[in-house]
**Q** 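I have a structure here, written as C-alpha coordinates, and I will follow up with some questions on it.
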2 protein chains.
Amino acid sequence: MSKDFPGLLKEKGLKNTPTRRAILDVFSADCKPINAEYIHEKLKKSDINLVTIYRTLESFEEAGILKRVSLNKASSYYELAANHHHHLICTNCGTVEGFKECDIGDVSRKALKDSKFQTVSGHSLELFGKCKKCAKA
Amino acid sequence: MSKDFPGLLKEKGLKNTPTRRAILDVFSADCKPINAEYIHEKLKKSDINLVTIYRTLESFEEAGILKRVSLNKASSYYELAANHHHHLICTNCGTVEGFKECDIGDVSRKALKDSKFQTVSGHSLELFGKCKKCAKA
DNA sequence: CTCATAGGTGCAATATACTTGCATTTGCAT
DNA sequence: ATGCAAATGCAAGTATATTGCACCTATGAG
(Lines give C-alpha, C1' and ligand atoms only; values in the text may rest on other atoms or scores of the structure.)
Protein backbone atom coordinates (compact mmCIF):
# COMPACT_ATOMS: atom_id res chain seq x y z
CA MET A 1 0.00 0.00 0.00
CA SER A 2 1.66 3.19 -1.21
CA LYS A 3 1.41 6.22 1.05
CA ASP A 4 2.28 8.79 -1.56
CA PHE A 5 -1.01 10.60 -1.10
CA PRO A 6 0.00 13.81 -2.92
CA GLY A 7 1.00 11.69 -5.90
CA LEU A 8 -2.20 9.67 -5.75
CA LEU A 9 -4.33 12.81 -5.65
CA LYS A 10 -2.48 14.41 -8.54
CA GLU A 11 -2.82 11.27 -10.62
CA LYS A 12 -6.57 11.38 -10.14
CA GLY A 13 -6.80 15.09 -10.96
CA LEU A 14 -7.72 16.05 -7.40
CA LYS A 15 -6.21 18.87 -5.40
CA ASN A 16 -3.69 18.03 -2.75
CA THR A 17 -5.11 19.63 0.39
CA PRO A 18 -4.34 19.10 4.09
CA THR A 19 -7.92 17.92 4.66
CA ARG A 20 -7.64 15.22 2.03
CA ARG A 21 -4.29 14.01 3.21
CA ALA A 22 -5.67 13.80 6.72
CA ILE A 23 -8.63 11.73 5.55
CA LEU A 24 -6.36 9.38 3.60
CA ASP A 25 -4.21 9.06 6.71
CA VAL A 26 -7.20 7.82 8.66
CA PHE A 27 -7.91 5.17 6.05
CA SER A 28 -4.29 4.18 6.01
CA ALA A 29 -4.08 3.93 9.80
CA ASP A 30 -7.20 1.83 10.28
CA CYS A 31 -7.31 -1.10 7.93
CA LYS A 32 -11.05 -1.59 8.22
CA PRO A 33 -14.22 -0.17 6.69
CA ILE A 34 -15.00 3.25 8.17
CA ASN A 35 -17.76 5.82 7.78
CA ALA A 36 -17.93 9.62 7.66
CA GLU A 37 -18.71 9.94 11.35
CA TYR A 38 -15.69 7.88 12.32
CA ILE A 39 -13.38 10.08 10.27
CA HIS A 40 -14.93 13.20 11.75
CA GLU A 41 -14.32 11.85 15.24
CA LYS A 42 -10.71 10.87 14.48
CA LEU A 43 -10.01 14.31 13.04
CA LYS A 44 -11.90 16.39 15.57
CA LYS A 45 -8.73 18.26 16.55
CA SER A 46 -8.41 19.49 12.98
CA ASP A 47 -12.06 20.62 13.09
CA ILE A 48 -12.93 19.41 9.62
CA ASN A 49 -16.52 19.92 8.58
CA LEU A 50 -18.61 16.79 8.24
CA VAL A 51 -19.96 18.09 4.94
CA THR A 52 -16.45 18.21 3.57
CA ILE A 53 -15.90 14.63 4.64
CA TYR A 54 -19.04 13.49 2.83
CA ARG A 55 -17.98 15.36 -0.30
CA THR A 56 -14.47 14.00 -0.10
CA LEU A 57 -15.68 10.43 0.28
CA GLU A 58 -17.89 10.91 -2.76
CA SER A 59 -15.15 12.31 -4.98
CA PHE A 60 -12.67 9.70 -3.77
CA GLU A 61 -15.10 6.96 -4.66
CA GLU A 62 -15.64 8.43 -8.12
CA ALA A 63 -11.90 8.68 -8.58
CA GLY A 64 -11.50 5.04 -7.59
CA ILE A 65 -9.43 5.82 -4.50
CA LEU A 66 -12.08 4.44 -2.19
CA LYS A 67 -14.52 1.59 -2.45
CA ARG A 68 -17.87 1.52 -0.76
CA VAL A 69 -18.37 -1.58 1.37
CA SER A 70 -21.73 -3.26 1.91
CA LEU A 71 -22.11 -4.03 5.57
CA ASN A 72 -25.91 -3.79 5.84
CA LYS A 73 -25.56 -0.94 8.29
CA ALA A 74 -27.34 2.39 8.37
CA SER A 75 -24.42 4.49 7.10
CA SER A 76 -21.97 4.03 4.24
CA TYR A 77 -18.60 2.46 4.93
CA TYR A 78 -15.52 2.86 2.76
CA GLU A 79 -12.08 1.35 2.34
CA LEU A 80 -9.03 2.09 0.24
CA ALA A 81 -9.75 0.55 -3.14
CA ALA A 82 -6.13 -0.53 -3.64
CA ASN A 83 -6.52 -2.89 -0.74
CA HIS A 84 -9.01 -5.32 -2.25
CA HIS A 85 -10.41 -7.91 0.11
CA HIS A 86 -13.63 -9.16 1.68
CA HIS A 87 -15.17 -9.50 5.11
CA LEU A 88 -16.34 -11.93 7.71
CA ILE A 89 -19.06 -10.24 9.72
CA CYS A 90 -20.32 -11.58 13.05
CA THR A 91 -24.11 -11.56 13.05
CA ASN A 92 -24.08 -11.38 16.81
CA CYS A 93 -21.53 -8.76 17.87
CA GLY A 94 -20.84 -7.02 14.56
CA THR A 95 -17.08 -7.68 14.53
CA VAL A 96 -15.62 -7.34 11.05
CA GLU A 97 -12.54 -9.24 9.90
CA GLY A 98 -10.98 -9.01 6.46
CA PHE A 99 -9.76 -11.84 4.26
CA LYS A 100 -7.94 -11.96 0.96
CA GLU A 101 -9.20 -15.20 -0.51
CA CYS A 102 -11.21 -14.18 -3.50
CA ASP A 103 -11.39 -16.78 -6.22
CA ILE A 104 -14.72 -15.99 -7.77
CA GLY A 105 -13.59 -15.93 -11.39
CA ASP A 106 -15.49 -19.11 -12.04
CA VAL A 107 -18.72 -17.93 -10.45
CA SER A 108 -18.34 -14.68 -12.29
CA ARG A 109 -17.94 -16.36 -15.66
CA LYS A 110 -20.92 -18.66 -15.16
CA ALA A 111 -23.10 -15.76 -14.02
CA LEU A 112 -22.24 -13.72 -17.11
CA LYS A 113 -22.97 -16.57 -19.45
CA ASP A 114 -26.78 -16.44 -19.46
CA SER A 115 -27.13 -12.80 -18.53
CA LYS A 116 -27.84 -9.49 -20.19
CA PHE A 117 -24.42 -8.35 -19.01
CA GLN A 118 -21.28 -7.87 -21.04
CA THR A 119 -18.54 -7.46 -18.46
CA VAL A 120 -17.84 -7.76 -14.75
CA SER A 121 -15.47 -5.13 -13.43
CA GLY A 122 -15.73 -5.64 -9.70
CA HIS A 123 -17.51 -7.49 -6.97
CA SER A 124 -18.41 -7.45 -3.34
CA LEU A 125 -18.44 -10.55 -1.19
CA GLU A 126 -19.34 -10.63 2.48
CA LEU A 127 -19.64 -13.71 4.65
CA PHE A 128 -21.95 -13.63 7.64
CA GLY A 129 -21.46 -15.95 10.57
CA LYS A 130 -20.39 -16.19 14.19
CA CYS A 131 -16.97 -15.29 15.55
CA LYS A 132 -15.40 -17.80 17.93
CA LYS A 133 -16.22 -15.67 20.96
CA CYS A 134 -19.92 -15.48 20.10
CA ALA A 135 -20.09 -19.10 18.96
CA LYS A 136 -19.17 -20.19 22.49
CA ALA A 137 -21.86 -18.14 24.19
CA MET B 1 -41.57 -20.43 -4.15
CA SER B 2 -44.56 -21.23 -1.97
CA LYS B 3 -47.30 -18.65 -1.83
CA ASP B 4 -48.94 -19.94 1.30
CA PHE B 5 -48.38 -16.66 3.11
CA PRO B 6 -50.81 -17.35 5.99
CA GLY B 7 -48.99 -20.62 6.62
CA LEU B 8 -45.60 -18.94 6.41
CA LEU B 9 -46.61 -16.25 8.90
CA LYS B 10 -48.05 -18.76 11.33
CA GLU B 11 -44.93 -20.89 11.13
CA LYS B 12 -42.84 -17.88 12.13
CA GLY B 13 -45.17 -16.89 14.95
CA LEU B 14 -46.35 -13.73 13.21
CA LYS B 15 -49.93 -12.61 12.88
CA ASN B 16 -51.64 -13.09 9.57
CA THR B 17 -52.88 -9.61 8.68
CA PRO B 18 -54.07 -8.10 5.38
CA THR B 19 -51.16 -5.65 5.47
CA ARG B 20 -48.60 -8.40 5.74
CA ARG B 21 -50.15 -10.51 3.04
CA ALA B 22 -50.17 -7.45 0.77
CA ILE B 23 -46.50 -6.81 1.44
CA LEU B 24 -45.61 -10.42 0.74
CA ASP B 25 -47.62 -10.20 -2.48
CA VAL B 26 -45.45 -7.31 -3.63
CA PHE B 27 -42.31 -9.33 -3.01
CA SER B 28 -43.80 -12.29 -4.76
CA ALA B 29 -44.89 -10.24 -7.80
CA ASP B 30 -41.58 -8.46 -8.33
CA CYS B 31 -38.69 -10.85 -8.26
CA LYS B 32 -36.13 -8.17 -7.51
CA PRO B 33 -34.74 -6.32 -4.49
CA ILE B 34 -37.17 -3.67 -3.31
CA ASN B 35 -37.23 -1.02 -0.60
CA ALA B 36 -39.87 0.37 1.77
CA GLU B 37 -40.72 3.30 -0.49
CA TYR B 38 -41.37 0.98 -3.43
CA ILE B 39 -43.79 -1.13 -1.41
CA HIS B 40 -45.53 1.98 -0.16
CA GLU B 41 -45.98 3.18 -3.74
CA LYS B 42 -47.25 -0.19 -4.95
CA LEU B 43 -49.77 -0.35 -2.11
CA LYS B 44 -50.87 3.28 -2.11
CA LYS B 45 -54.49 2.27 -2.81
CA SER B 46 -54.49 0.31 0.43
CA ASP B 47 -53.12 3.36 2.24
CA ILE B 48 -50.65 1.46 4.39
CA ASN B 49 -48.52 3.57 6.67
CA LEU B 50 -44.83 3.74 5.78
CA VAL B 51 -43.97 3.16 9.43
CA THR B 52 -45.83 -0.14 9.32
CA ILE B 53 -43.86 -1.14 6.26
CA TYR B 54 -40.56 -0.40 8.00
CA ARG B 55 -41.64 -2.38 11.03
CA THR B 56 -42.87 -5.25 8.91
CA LEU B 57 -39.62 -5.41 6.95
CA GLU B 58 -37.72 -5.51 10.21
CA SER B 59 -39.76 -8.30 11.74
CA PHE B 60 -39.75 -10.28 8.49
CA GLU B 61 -36.00 -10.04 8.37
CA GLU B 62 -35.71 -11.23 11.97
CA ALA B 63 -38.06 -14.09 11.19
CA GLY B 64 -35.93 -15.05 8.20
CA ILE B 65 -38.70 -14.41 5.68
CA LEU B 66 -36.75 -11.60 4.06
CA LYS B 67 -33.08 -11.03 3.41
CA ARG B 68 -31.48 -7.62 3.24
CA VAL B 69 -29.57 -7.08 0.00
CA SER B 70 -26.42 -4.98 -0.26
CA LEU B 71 -26.73 -2.77 -3.28
CA ASN B 72 -24.65 0.18 -2.07
CA LYS B 73 -27.64 2.45 -2.27
CA ALA B 74 -28.94 4.92 0.27
CA SER B 75 -31.93 2.85 1.38
CA SER B 76 -32.27 -0.80 2.39
CA TYR B 77 -33.42 -3.34 -0.17
CA TYR B 78 -34.95 -6.70 0.64
CA GLU B 79 -35.85 -9.95 -1.08
CA LEU B 80 -37.64 -13.14 -0.13
CA ALA B 81 -35.07 -15.21 1.72
CA ALA B 82 -36.35 -18.48 0.28
CA ASN B 83 -35.24 -17.30 -3.12
CA HIS B 84 -31.48 -17.25 -2.56
CA HIS B 85 -29.46 -15.73 -5.38
CA HIS B 86 -27.07 -12.93 -6.24
CA HIS B 87 -26.96 -9.90 -8.48
CA LEU B 88 -25.28 -8.38 -11.47
CA ILE B 89 -25.47 -4.61 -11.10
CA CYS B 90 -24.76 -2.23 -13.97
CA THR B 91 -22.45 0.52 -12.78
CA ASN B 92 -23.80 2.78 -15.49
CA CYS B 93 -27.59 2.49 -15.53
CA GLY B 94 -28.24 0.67 -12.26
CA THR B 95 -30.04 -2.32 -13.81
CA VAL B 96 -30.09 -5.30 -11.48
CA GLU B 97 -30.24 -8.89 -12.71
CA GLY B 98 -30.30 -11.96 -10.53
CA PHE B 99 -28.31 -15.15 -10.95
CA LYS B 100 -28.30 -18.47 -9.13
CA GLU B 101 -24.70 -19.57 -9.53
CA CYS B 102 -23.30 -19.52 -6.07
CA ASP B 103 -20.45 -21.92 -5.50
CA ILE B 104 -18.49 -20.14 -2.84
CA GLY B 105 -18.08 -23.05 -0.46
CA ASP B 106 -14.40 -23.21 -1.26
CA VAL B 107 -13.78 -19.51 -0.74
CA SER B 108 -15.79 -19.69 2.45
CA ARG B 109 -13.76 -22.58 3.82
CA LYS B 110 -10.43 -20.95 3.03
CA ALA B 111 -11.56 -17.66 4.58
CA LEU B 112 -12.58 -19.37 7.81
CA LYS B 113 -9.33 -21.25 8.11
CA ASP B 114 -7.10 -18.44 9.37
CA SER B 115 -9.80 -16.35 10.94
CA LYS B 116 -11.24 -15.63 14.35
CA PHE B 117 -14.53 -17.00 13.08
CA GLN B 118 -16.17 -20.30 13.89
CA THR B 119 -18.96 -20.61 11.35
CA VAL B 120 -20.33 -19.04 8.19
CA SER B 121 -24.11 -19.04 8.01
CA GLY B 122 -24.76 -16.82 5.03
CA HIS B 123 -23.19 -14.61 2.45
CA SER B 124 -23.78 -11.80 0.07
CA LEU B 125 -22.20 -11.61 -3.36
CA GLU B 126 -22.75 -8.84 -5.86
CA LEU B 127 -21.01 -8.45 -9.19
CA PHE B 128 -20.59 -4.97 -10.64
CA GLY B 129 -20.13 -4.43 -14.34
CA LYS B 130 -21.74 -3.16 -17.51
CA CYS B 131 -24.92 -4.51 -19.08
CA LYS B 132 -24.81 -5.14 -22.83
CA LYS B 133 -26.81 -2.00 -23.57
CA CYS B 134 -24.40 0.24 -21.65
CA ALA B 135 -21.32 -1.62 -22.87
CA LYS B 136 -22.18 -0.60 -26.44
CA ALA B 137 -22.53 3.09 -25.66
C1' DC C 1 6.70 35.22 -8.65
C1' DT C 2 1.99 36.79 -9.45
C1' DC C 3 -2.36 36.16 -10.61
C1' DA C 4 -6.66 34.04 -12.34
C1' DT C 5 -9.41 30.39 -11.83
C1' DA C 6 -11.29 25.91 -11.04
C1' DG C 7 -11.79 23.22 -7.45
C1' DG C 8 -12.22 22.75 -2.29
C1' DT C 9 -14.27 24.08 2.19
C1' DG C 10 -17.58 25.87 5.76
C1' DC C 11 -22.06 27.19 7.29
C1' DA C 12 -26.94 26.99 7.27
C1' DA C 13 -30.74 25.04 5.55
C1' DT C 14 -32.97 21.08 3.60
C1' DA C 15 -33.89 16.38 2.20
C1' DT C 16 -34.15 11.49 2.89
C1' DA C 17 -34.39 7.31 5.46
C1' DC C 18 -35.59 5.44 9.34
C1' DT C 19 -37.14 5.12 14.53
C1' DT C 20 -39.79 5.81 18.73
C1' DG C 21 -43.71 6.72 21.95
C1' DC C 22 -48.21 6.28 22.59
C1' DA C 23 -53.08 5.45 21.69
C1' DT C 24 -56.10 2.45 19.13
C1' DT C 25 -57.34 -1.65 16.64
C1' DT C 26 -57.18 -6.51 15.40
C1' DG C 27 -55.88 -11.50 15.06
C1' DC C 28 -56.15 -15.46 17.54
C1' DA C 29 -55.98 -18.77 21.48
C1' DT C 30 -58.99 -20.11 24.87
C1' DA D 1 -67.52 -14.32 23.06
C1' DT D 2 -63.55 -12.26 25.11
C1' DG D 3 -58.96 -10.91 26.74
C1' DC D 4 -54.52 -10.02 25.57
C1' DA D 5 -50.44 -9.68 22.92
C1' DA D 6 -49.28 -8.21 18.61
C1' DA D 7 -50.00 -5.01 14.87
C1' DT D 8 -51.06 -0.47 13.11
C1' DG D 9 -51.44 4.64 12.58
C1' DC D 10 -50.20 9.18 13.76
C1' DA D 11 -47.03 12.65 15.24
C1' DA D 12 -42.72 13.74 16.53
C1' DG D 13 -37.92 12.79 16.68
C1' DT D 14 -33.26 11.25 15.14
C1' DA D 15 -29.57 9.91 12.05
C1' DT D 16 -27.51 10.26 7.75
C1' DA D 17 -26.61 12.70 3.73
C1' DT D 18 -27.18 16.63 0.26
C1' DT D 19 -27.48 21.38 -1.61
C1' DG D 20 -26.85 26.45 -2.27
C1' DC D 21 -24.04 29.98 -1.65
C1' DA D 22 -20.11 32.64 -0.10
C1' DC D 23 -15.40 32.47 0.71
C1' DC D 24 -10.79 30.29 0.44
C1' DT D 25 -6.70 27.90 -1.66
C1' DA D 26 -3.87 24.88 -4.68
C1' DT D 27 -2.16 24.95 -9.00
C1' DG D 28 -0.83 26.10 -13.70
C1' DA D 29 -0.19 29.85 -17.13
C1' DG D 30 2.29 33.73 -18.10
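Letters A, B, ... mirror the listed sequences (proteins, then strands); counts begin at 1.
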**Q** Starting at CG of Leu9(A) and ending at C1' of dT9(C), how long is that distance when rounded to a whole Å?
**A** 15 Å
**Q** Within the structure shown, what part of the strands sits under 4.0 Å from Ser59(A) by heavy-atom distance: base, sugar-phosphate, or nothing?
**A** nothing
**Q** If each of Lys10(B) and Ala36(B) is mapped to the nucleotide of DNA chain C with the nearest heavy atom, which maps nearer the 5' terminus, i.e. the 5' end?
**A** Ala36(B)
**Q** Could you tell me whether Asp106(B) and Lys110(B) have a side-chain N and a carboxylate O separated by less than 4.0 Å?
**A** yes
**Q** Just how far, in rounded Å, is P of dC18(C) from NZ of Lys73(A)?
**A**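 Spelled out: NZ on Lys73(A) to P on dC18(C) is 16 Å.
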**Q** Rounded to the Å, how far apart are Asn16(A) CG and dT9(C) P?
**A** 10 Å
**Q** What nucleotide, of dC18(C), dG28(D), dT20(C), holds the atom closest to the side chain of Ser76(B)?
**A** dC18(C)
**Q** Which residue, Glu58(A), Lys67(A), Arg68(A), forms the side chain to side chain contact (heavy atoms under 4.5 Å, CB included) with Tyr78(A)?
**A** Arg68(A)
**Q** From the set dA17(D), dA7(D), dC28(C), return the single nucleotide nearest to any side-chain atom of Thr17(B).
**A** dA7(D)
**Q** Where the side chain of Asn49(B) is concerned, which of dA6(D), dC10(D), dT27(D) is the nearest nucleotide?
**A**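 Between dA6(D), dC10(D), dT27(D), the one nearest the side chain of Asn49(B) would be dC10(D).
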**Q** Mind calculating the distance between CZ (Arg21(A)) and C1' (dT9(C)) to the nearest angstrom?
**A**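 Whole-Å distance recorded here is 15 Å.
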**Q** Provide, to the nearest angstrom, the distance between the CZ atom belonging to Arg68(A) and the C1' atom belonging to dA17(D).
**A** 10 Å
**Q** Send over the distance from Ile39(B) CD1 to dC18(C) P, rounded to a whole Å.
**A**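 Value for this atom pair: 11 Å.
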**Q** Would you indicate which nucleotide in dG9(D), dA6(D), dA17(C) comes nearest to any side-chain atom of Ile48(B)?
**A**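 Looking only at side-chain atoms, Ile48(B) lies closest to dG9(D).
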**Q** Rounded to whole Å, how long is the line connecting atom NZ of Lys15(B) with atom C1' of dG27(C)?
**A** 5 Å
**Q** Is Ser75(B) close enough to dT16(C) that one of its side-chain N or O atoms is under 4.0 Å from OP1 or OP2 there?
**A**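 False: Ser75(B) side-chain N/O out of range (4.0 Å or more) of dT16(C) OP1/OP2.
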**Q** Using whole Å, what does the distance between atom P of nucleotide dT19(C) and atom CG of Leu57(B) come to?
**A** 10 Å
**Q** Go through dA5(D), dA26(D), dG10(C) for me and flag the one nearest to the Thr52(A) side chain.
**A** dG10(C)
**Q** Closest nucleotide of DNA chain D for Leu50(B) versus for Leu14(A): which of these residues is on the 5' side?
**A**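 Closest to the 5' end, via its nearest nucleotide, is Leu50(B).
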**Q** Hey, does the side chain of His87(B) reach the backbone of Leu127(B) with a donor-acceptor pair shorter than 3.5 angstrom?
**A**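 Here the side-chain-to-backbone pair does not exist.
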**Q** Measure from the side chain of Arg20(B), starting at C-beta and using heavy atoms only, and say which of dA26(D), dA7(D), dC10(D) lies closest.
**A** dA7(D)
**Q** Check if the side chain of Arg55(B) and the base of dG9(D) share a donor-acceptor pair of N or O atoms closer than 3.5 Å.
**A**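 Under the 3.5 Å cut-off, the side chain and the base do form a donor-acceptor pair.
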**Q** Just wondering, more than 12 heavy atoms not from Lys12(B) lying within 6.0 Å of its NZ?
**A** yes
**Q** Which of parallel (below 30°), tilted (30 to 60°) and perpendicular (above 60°) describes Phe99(A) and His86(A)?
**A**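 Rings of Phe99(A) and His86(A): tilted, 30 to 60°.
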**Q** If you check every side-chain atom of Tyr54(B), which of dA5(D), dC18(C), dC10(D) has the closest atom?
**A**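 Among the listed nucleotides, the one closest to the side chain of Tyr54(B) is dC18(C).
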